[in-house]
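Here the structure comes first, spelled out in structure tokens, and everything after it is commentary.
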Amino acid sequence: MDKCRNRDAGLYVLFRKELADHFRSRRFTIVLMLIAVTCLASIYSAGMGIREAVSKEGNEFVFLRLFTSSGGSLPSFAAFISFLGPLVGLALGFDSINGERNRGTLSRLLSQPIHRDTVINGKFLAGLAVLSIMIITLGLSVGGFGIILTGIPPTLEELGRMLIFIFITIVYMALWLAVSQLFSLLFKQTATSALSGIAVWLFFVVFINLFAGLIADGIFPVTDQAGAVEILRNQRLRQGINRLSPTLLYDEAVVTILNPGVRTLGLVLLDQIEGAIPGVLPLGQSILLIWPHIVGMIAATALCFAIGYVYFMKQEIRA
């Protein structure tokens, strides 16, 4: 009992220390201001356009449209988070371990009466807490700002969808935090770990679609004489490879949860939609539709953290 109590006390002390370091760092302030300014500007632009459209189209799910609508030349709030979220996770964790090692404080930290796994657990939990506080604060601020602009309060279902959107965003950014912490263990130089994280992010955002097209066209080539079966196989393989990207999983989950009119994800044939009655999905059905996406992102986060955990526990650290 005393051993578990000492372990929890050490984890709490290290968690508070890492949390304070994050909040005092200029890097966190810069990243927070960048996301806040761009997202609030996007919400303001979308809100002005929605206000004009409410009188013409009605006020159904207006609150949710604040997160998905783009106004003018600015992308939507969800698009900004999809693009900038990985950068925030990478920025918070790329020097979590190798930065301590380069400063010579890691061996001093491990010489204290704390368990070794407390170090990596405390650093990840502190980064996760910072991400959670940032996203919850920003999401609630955007919601309040949208209510002021449109004058329409959210319904209970819209509020539930917004909270699920915040949860999905936290999971999405936690995945990139785990990736950056893993690279901080694998590489001794902080610049190398940062560039590796950015390279992985660029691959999943930009290049995976190109590789998916090459692989799908190589296995199921689509020619002028190709039938519907070959085209369908090509598209399904392309979509399956693209779904290895956390960004695509996040985008599909966000679109589904913030737009109740989305009733399916993937290819839909004409005979499947023939006779279908237009409508919206209730919240429970939307959650069931994106449940594999959420589980996939959580599993990827756990896998990256587990690999880093095992590597750190077996690593030799000298003074």
Side-chain angles (χ1 to χ4, degrees), residues 7-35 84-135 169-202 204 246 297-319:
R7 179 187 290 268
D8 294 339
L11 179 61
Y12 177 71
V13 171
L14 185 62
F15 171 80
R16 288 188 58 184
K17 177 257 183 188
E18 293 294 328
L19 198 63
D21 290 343
H22 281 307
F23 284 131
R24 286 198 298 259
S25 65
R26 295 180 180 178
R27 176 176 54 194
F28 170 76
T29 304
I30 293 173
V31 170
L32 178 61
M33 293 301 297
L34 175 63
I35 292 183
L84 296 177
L87 297 180
V88 178
L90 294 175
L92 291 180
F94 75 94
D95 62 344
S96 58
I97 303 297
N98 52 18
E100 296 273 6
R101 182 184 289 109
N102 294 335
R103 292 190 298 268
T105 57
L106 184 59
S107 58
R108 190 183 311 168
L109 181 63
L110 293 176
S111 65
Q112 303 299 318
I114 59 175
H115 296 272
R116 173 177 282 206
D117 60 343
T118 300
V119 175
I120 188 170
N121 291 336
K123 288 182 174 294
F124 181 78
L125 290 177
L128 182 60
V130 171
L131 293 177
S132 301
I133 294 172
M134 180 189 304
I135 294 302
T169 303
I170 293 174
V171 172
Y172 175 61
M173 297 174 69
L175 170 58
W176 293 102
L177 174 64
V179 170
S180 64
Q181 187 169 282
L182 174 61
F183 285 141
S184 73
L185 286 163
L186 298 178
F187 303 105
K188 295 182 179 180
Q189 300 298 325
T190 57
T192 306
S193 61
L195 290 175
S196 300
I198 293 175
V200 172
W201 170 66
L202 286 176
F204 282 122
M297 288 189 289
I298 294 176
T301 304
L303 178 62
C304 293
F305 179 79
I307 295 174
Y309 180 91
V310 173
Y311 184 81
F312 182 72
M313 296 299 291
K314 294 183 177 181
Q315 197 175 39
E316 182 180 359
I317 300 175
R318 298 178 180 179

Please round to the nearest 0.5 Å and tell me the distance separating atom [atom1] of [X] and atom [atom2] of [Y].
X    : Y    : atom1 : atom2 : value
I170 : L177 : CD1   : CG    : 12.0 Å
I133 : F23  : CD1   : CZ    : 4.0 Å
S193 : L90  : OG    : CG    : 9.5 Å
L131 : L175 : CG    : CG    : 11.5 Å
T29  : L34  : OG1   : CG    : 12.5 Å
K123 : L185 : NZ    : CG    : 10.0 Å

Side chain to side chain, [X] and [Y], heavy atoms closer than 4.5 Å:
X    : Y    : answer
Y309 : N121 : yes
S96  : F124 : no
L19  : F15  : yes
L125 : L11  : yes
Y311 : I120 : no

If you compare all heavy atoms of A178 against all heavy atoms of F305, which two are closest, and at what distance to 0.1 Å?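 Heavy atoms only, the tightest pair is CB-N, 4.2 Å.
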Compare every heavy atom of E18 with every heavy atom of A126, then report the nearest pair and how far apart it is.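 A126 and E18 have their closest heavy atoms at CB-CB, 3.4 Å.
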Derivation of the ring-ring contact (aromatic ring centres under 6.0 Å, His included) call for F183 and F94: CA-CA 7 Å; F183 285 141; F94 75 94; over 10 Å; no
Is the NZ atom of K17 crowded by more than 12 outside heavy atoms at less than 6.0 Å?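 Enclosed.
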Would the number of heavy atoms belonging to other residues, nucleotides or ligands and lying under 6.0 Å from CZ of R27 be above 12?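 Check passes, neighbour count above 12.
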Given D95, which partner from the list L92, I97, N98 fulfils the side-chain contact (heavy atoms from CB on, under 4.5 Å) test?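 Only one of L92, I97, N98 forms a side-chain contact (heavy atoms from CB on, under 4.5 Å) with D95, namely N98.
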